[in-house]
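A quick note: this is a predicted structure, and the numbers were derived from the prediction, not measured.
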Amino acid sequence: MSTKVTSTIKLRLHYWNCRGCVQAVRYMLEDIAYTHKNVDYKEDFELLEKSAESWIIHKTDETISGPFHSLPVLHWNDIHIFSQTLTIGQLLARKFDLYGKLTSSIDDEDLLHSYIDGVVSCAYIDVISGVLQCIQIRIHFADEKNPMNLLVKKISNDLKALNNLLKKSSTLFYYDQLEPTIADYFVFEAFTLARDYCHKLLPNEKDCQALIKLEQIMKERSALVNYFHKDLLFKRFTRSSKESEYIATLATIKK
């Protein structure tokens, strides 16, 4: 993996102390910092436990919350502040060559980037955001007549589509790549987030095999081995104060 960044660079991610919408970017940053010794990366947390008193102040401070007064934000060398998960992920992918290499079947860089971005968009907008919405609105899976359960079916179908697309690759990563791209990080998080929340979001087991293999190979990467060994993955999914009570009600469904 090569990089377009050669000088020392300081990266600071700022987000809530929960899994949320930014976990795929966390995985990318862990890998980037491990691979590129010129990268100084840390995460600063906005604590949910103190949000009532601190976020009111921090939200109005653009040096903390960025131009859109929301999280996540990425501070680049204490000079630039970037907001929004997809923007941050795509910036990192461009700067650290996480869009992959041209292949015999895709020999145009713009086309390759568009293919990769399509996977990222599906994983983030359709699956990750969908799962977080399910938790926020506290979907009750037993009530199959609830119109919101259509979202559950859509997430399952999107994961199946991501699985089927990955199966077409000649490698373990999307679009015949030998190393993971931004697409693989986002799909890795989309699949594991859905599974960790509730198995009812997953397609049939045969339609998850490529995603299961992707999870295995991603967890074998040295940076992520360290990450999981240190138990850095937050158990809490969202900022919702009612999440723990809601997740407890799903225990019988998960069994």
Side-chain angles (χ1 to χ4, degrees), residues 13 15-32 34 43 72 85-86 88-89 92 98 116 119-136 139 141 151-152 154-167 169 172-174 179-240 243-244 246-247 250-251 253-255:
L13 182 68
Y15 191 64
W16 302 96
N17 55 330
C18 65
R19 195 162 173 172
C21 63
V22 81
Q23 191 60 41
V25 169
R26 284 180 173 135
Y27 292 143
M28 292 175 68
L29 284 164
E30 290 289 337
D31 237 352
I32 288 168
Y34 184 90
E43 181 171 1
T85 299
L86 284 181
I88 295 170
L92 294 171
L98 292 175
I116 295 295
V119 175
V120 173
S121 294
C122 179
Y124 180 72
I125 296 173
D126 298 329
V127 180
I128 294 173
S129 297
V131 171
L132 297 177
Q133 184 181 356
C134 286
I135 298 171
Q136 292 281 0
I139 281 186
F141 294 90
L151 179 58
V152 175
K154 183 181 187 308
I155 291 171
S156 177
N157 287 338
D158 289 330
L159 286 170
K160 180 178 179 180
L162 290 169
N163 181 82
N164 290 343
L165 180 59
L166 183 53
K167 282 171 56 178
S169 177
L172 292 172
F173 305 114
Y174 281 94
E179 292 287 333
T181 67
I182 180 177
D184 300 286
Y185 291 98
F186 271 81
V187 173
F188 169 49
E189 169 58 9
F191 173 61
T192 55
L193 176 68
R195 185 202 57 211
D196 293 348
Y197 163 48
C198 185
H199 73 274
K200 285 188 173 291
L201 274 70
L202 301 182
N204 294 329
E205 186 175 355
K206 67 180 180 64
D207 294 319
C208 291
Q209 292 306 303
L211 298 179
I212 292 172
K213 291 179 182 177
L214 177 64
E215 178 188 4
Q216 293 171 343
I217 197 68
M218 293 297 286
K219 284 186 172 180
E220 290 174 0
R221 297 183 66 77
S222 297
L224 300 190
V225 168
N226 292 339
Y227 186 85
F228 289 110
H229 179 72
K230 294 177 181 177
D231 198 26
L232 295 178
L233 180 65
F234 288 105
K235 303 297 188 294
R236 186 165 175 175
F237 296 109
T238 70
R239 292 175 56 193
S240 173
E243 178 186 306
S244 59
Y246 165 62
I247 294 299
L250 299 179
I253 295 177
K254 290 185 177 182
K255 292 179 180 178

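- In this structure, Asp207 contributes its side chain and Lys160 its backbone to no donor-acceptor pair below 3.5 Å.
- Atoms CZ and SG, on Arg239 and Cys21 in that order, are 10.5 Å from each other to the nearest 0.5 Å.
- A donor-acceptor pair under 3.5 Å is formed between the side chain of Tyr174 and the backbone N or O of Leu162.
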Listing, residues 208-218 side-chain donor-acceptor contacts under 3.5 Å, not counting sequence neighbours, or none:
| residue | atom | partner | partner atom | Å |
| --- | --- | --- | --- | --- |
| Gln209 | NE2 | Glu205 | O | 2.9 |
| Glu215 | OE1 | Arg195 | NH1 | 2.6 |
| Glu215 | OE2 | Arg195 | NH1 | 3.0 |
| Glu215 | OE2 | Arg195 | NH2 | 3.2 |
| Glu215 | OE2 | Lys219 | NZ | 2.9 |

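- The backbone N or O of Tyr227 sits nowhere less than 3.5 Å from a side-chain atom of Tyr27 that would complete a donor-acceptor pair.
- Proximity of Leu233 to Gln23: side-chain heavy atoms (C-beta onward) are separated by under 4.5 Å at one or more points.
- Looking at Glu243, its side chain does come within 3.5 Å of a backbone N or O of Thr238 through a donor-acceptor pair.
- Considering all non-hydrogen atoms of both residues, Ser240 and Gln136 come closest at CB-OE1, 3.8 Å.
- Pairing each heavy atom of Asn163 with each of Lys206, the nearest pair is ND2-O, 4.3 Å.
- Side chains of Phe237 and Val131 form no contact here, defined as non-hydrogen atoms less than 4.5 Å apart.
- A donor-acceptor pair is defined here as one N or O able to donate and one able to accept, closer than 3.5 Å; no such pair exists between the side chain of Asp31 and the backbone of Met28.
- Closest non-hydrogen pair, Pro72 versus Leu13, comes out as CB-CD1, 4.3 Å.
- The aromatic rings of Tyr124 and Phe186 stand perpendicular to each other, their planes meeting at an angle above 60°, with 30° marking the opposite boundary.
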Ile125 vs Leu86, test: side chain to side chain contact (heavy atoms under 4.5 Å, CB included). Steps then yes/no. CA-CA 9 Å; Ile125 296 173; Leu86 284 181; 4.3 Å; yes

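- Residues Cys134 and Ile155 are in side-chain contact: their nearest non-hydrogen atoms beyond the backbone lie under 4.5 Å apart.
- Once rounded to the nearest 0.5 Å, the distance linking CD1 of Ile32 with CG of Leu92 reads 4.5 Å.
- Looking only at side-chain heavy atoms (C-beta outward), Asp184 and Phe188 stay at 4.5 Å or farther from each other.
- A 4.5 Å side-chain heavy-atom check between Leu159 and Val127 finds at least one atom pair inside the cut-off.
- For the pair Leu202 and Ala194, the tightest heavy-atom approach, listed with the atom from each and the gap, is CD2-CB, 4.2 Å.
- In this structure, the separation between CG on Leu132 and CG on Leu193 is 5.5 Å, given to the nearest 0.5 Å.
- Going from atom NE2 of His229 over to atom OG of Ser222 covers 13.0 Å, rounded to the nearest 0.5 Å.
- You'll find the side chain of Val25 stays beyond 4.5 Å of the side chain of Tyr185, heavy atoms only.
- For the atom pair CG (Leu201) and CG (Leu151), the distance works out to 7.5 Å, reported to the nearest 0.5 Å.
- The aromatic rings of Tyr197 and Phe141 lie tilted to each other, with the angle between the two planes from 30° to 60°.
- Note that the CD1 atom of Ile135 and the CZ atom of Arg236 stand 11.0 Å from one another [nearest 0.5 Å].
- In this structure the side chain of Arg19 reaches within 4.5 angstrom of the side chain of Thr192, judged on heavy atoms.
- Residues Tyr15 and Arg26 meet the side-chain proximity criterion, which asks for heavy atoms closer than 4.5 Å.
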